[in-house]
Amino acid sequence: MERLLAANIVCSYGRKKVLSGVNIAAGAGQCVGIVGTNGCGKSTLLNILAGLRKPDSGEIYFDGKLASGRHGNQLFMQYAGYVPQESNLIPELSVMDNLRLWYHDADSLRQGLCQGFLRELGVDAMCGMKAGKLSGGMKKRVSIGCALAGNPPVLILDEPDAALDLPGKADIRRYLTMYKQLGGTILLATHDEIDLDLCDRIFVLNGGMSRETDRALRGEQLIKQMRNEE
């Protein structure tokens with residue numbers, strides 16, 4: 001059984017149909033890459049998979065449970081942690097206060113800072129700093145740490161290393177590899193080919209539709225698929 005399954009997702013903005021029947025599947029311990037040209041609907045799809053936007057039609061399942069209807073929001077909260085492309089931190093607050101907004105269990109937060117993912121991310125060393133004073137890479141680490149509150153089995157990331165320097169990108173990929181090795185499921189929208197090395201499966205979005213492609217494709221071959229030139 002797939003941990004996450006999105007079936008025939010359709011979404012429009014007014015008269016403009018952005019997604020016309022997208023199908024995505026991801027299992028435990030898998031990283032799934034989502035690629036496509038600018039404006040193809042990657043961020044819209046991730047917002048839907050994270051429960052932040054309702055599709056016009058289609059269904060999302062977590063471990064075979066339908067994430068719609070009365071219990072849909074609970075399933076999204078239970079299963080999905082979301083890291084948007086732009087920082088979702090409150091800049092006026094300290095890192096610790098931002099974390100407290102997500103970690104309602106003080107013991108869980110303390111444990112994460114001492115020996116869990118928050119420590120692995122280096123967030124424990126930033127707790128006293130104002131979020132607005134952090135570098136782009138530091139903000140991304142804290143945002144991932146916030147998304148991991150409650151230990152969600154699915155982590156959804158929109159351009160996780162955009163605007164980061166090379167060491168920052170390498171650190172984020174190392175953390176994601178660790179998360180996957182521990183059985184987590186990652187959905188990753190990216191324009192950076194090196195991110196695809198993390199991926200077990202790759203889906204191309206084009207014309208509002210999704211198509212799974214060879215995970216080894218890079219360069220011109222991948223670009224042709226993104227442009228639907230084959």
Quick one: does D158's side chain have a donor or acceptor within less than 3.5 Å of a partner on S43's backbone?
no
Quick one: does Y175's side chain have a donor or acceptor within less than 3.5 Å of a partner on E120's backbone?
yes
Would you compute the distance between atom CZ of R53 and atom CG of L19 and round it to the nearest 0.5 angstrom?
9.0 Å
Closest contact, heavy atoms only, C127 versus S94:
O-CB, 3.7 Å
Could you check whether R218 pairs with D197 (Lys NZ or Arg NE/NH1/NH2 to Asp/Glu carboxylate O, under 4.0 Å)?
yes
Any side-chain to backbone donor/acceptor pair from T185 onto G27? Under 3.5 Å, distance only.
yes
Exam field: side chain T37 to backbone C40, donor-acceptor pair closer than 3.5 Å
no
Any donor-acceptor pair under 3.5 Å from K140 side chain to Q85 backbone
yes
Return yes when atom CD of Q111 has more than 12 non-hydrogen atoms of other residues, nucleotides or ligands closer than 6.0 Å, and no otherwise.
no
Between Q181 and Y179, do the side chains contain a donor N or O and an acceptor N or O under 3.5 Å apart?
no
Locate the shortest heavy-atom distance separating L187 from A26; write the atom from each residue and the value.
CD1-CB, 4.4 Å
Got a second to check how far R110's CZ is from D105's CG, nearest 0.5 Å?
8.5 Å
I need the K180 NZ to L155 CG distance, nearest 0.5 Å.
13.0 Å
Steps toward side chain to side chain contact (heavy atoms under 4.5 Å, CB included) verdict (L188, I34):
CA-CA 6 Å; L188 171 70; I34 301 171; over 6 Å; no
What pairs meet the salt bridge (charged side-chain N to carboxylate O under 4.0 Å, His left out) rule with one or both residues in residues 25-39, with sequence neighbours excluded?
none
Which residues pass the salt bridge (Lys or Arg N to Asp or Glu O under 4.0 Å) test with D63, sequence neighbours left out?
none
Does some side-chain heavy atom of M209 sit less than 4.5 Å from a side-chain heavy atom of V22?
no
G36 versus H191, closest heavy-atom pair with distance
O-CE1, 3.3 Å
Output the distance between atom CG (L148) and atom CG (L118), rounded to the nearest 0.5 Å.
7.0 Å
With rounding to the nearest 0.5 angstrom, report the CD1 to OG distance, I9 to S57.
7.5 Å
For L166, look at atom CG and say whether over 12 heavy atoms of other residues, nucleotides or ligands are found less than 6.0 Å away.
no
Contact between L66 and E59 at the side-chain level, heavy atoms closer than 4.5 Å - yes or no?
yes
Can a salt bridge be assigned to the pair D195 and K169 using a cut-off of 4.0 Å between side-chain N and carboxylate O?
no
Residue pairs involving residues 2-14 (criterion salt bridge (charged side-chain N to carboxylate O under 4.0 Å, His left out); sequence neighbours excluded)
E2-R201
Got a sec, which residues hit ring pair (Phe, Tyr, Trp, His ring centres under 6.0 Å) with F203, two or more places apart in sequence or on another chain?
none
I194, L222: one ILVMFWY side-chain cluster at the under-4.5 Å cut-off?
no
Please round to the nearest 0.5 Å and tell me the distance separating atom CE of M126 and atom CG of L113.
11.0 Å
Taking the side chain as every heavy atom from C-beta outward, state whether K224 and Q221 have any atom pair closer than 4.5 Å.
no
Using distance alone, with no hydrogens and no angle criterion, decide if Y82 and N88 have a side-chain donor and acceptor under 3.5 Å apart.
no
Residue among T177, L198, I144, L157 satisfying side chain to side chain contact (heavy atoms under 4.5 Å, CB included) with I172:
I144
Closest contact, heavy atoms only, D192 versus R173:
OD2-NH2, 3.3 Å
Over all heavy atoms of both residues, which pair between A131 and I90 is shortest? Give the atoms and the distance, please.
CB-O, 3.5 Å
Using every non-hydrogen atom in the two residues, find where I24 and S210 come nearest and quote the distance to one decimal.
CD1-CB, 4.4 Å
Run F117 and L182 through side chain to side chain contact (heavy atoms under 4.5 Å, CB included) and show every step you take.
CA-CA 11 Å; F117 265 112; L182 291 174; 4.0 Å; yes
Assess whether atom CD of E212 is packed by more than 12 heavy atoms of other residues, nucleotides or ligands within 6.0 Å.
yes
Enumerate the side-chain hydrogen bond (donor to acceptor under 3.5 Å, both in side chains) contacts for residues 121-132, please, sequence neighbours excluded, ordered by first and then second residue.
R119-D124
Shared hydrophobic cluster for L121 and L93 (ILVMFWY, side-chain gaps under 4.5 Å)
yes
Residue pairs fulfilling side-chain hydrogen bond (donor to acceptor under 3.5 Å, both in side chains) with at least one residue in residues 5-25, sequence neighbours excluded
S12-D56, Y13-T44
Taking the side chain as everything from C-beta on, heavy atoms only, tell me whether S87 gets closer than 4.5 Å to L89.
yes
Under 4.5 Å between any side-chain heavy atoms of L109 and M96, yes or no?
yes
Does the distance from a Lys or Arg side-chain N to an Asp or Glu carboxylate O, for R141 and D171, drop under 4.0 Å?
yes
Spell out, as yes or no, whether a donor-acceptor pair under 3.5 Å connects the side chain of N206 to the backbone of M226.
yes
Would you check, one step at a time, whether the test side chain to side chain contact (heavy atoms under 4.5 Å, CB included) holds for E220 with I223?
CA-CA 5 Å; E220 285 298 322; I223 291 171; 4.1 Å; yes
Should Y79 and L49 be marked as a side chain to side chain contact (heavy atoms under 4.5 Å, CB included) after you check the CA-CA gap, both sets of side-chain angles, and the distance that decides it?
CA-CA 10 Å; Y79 276 87; L49 296 178; over 6 Å; no
Could you check if a side-chain atom of L196 sits within less than 4.5 angstrom of a side-chain atom of T190, using non-hydrogen atoms only?
yes
Are any non-hydrogen side-chain atoms of D200 and V32 less than 4.5 angstrom apart?
no
Can W102 be reached from M138 by stepping across I, L, V, M, F, W or Y side chains whose heavy atoms are under 4.5 Å apart?
yes
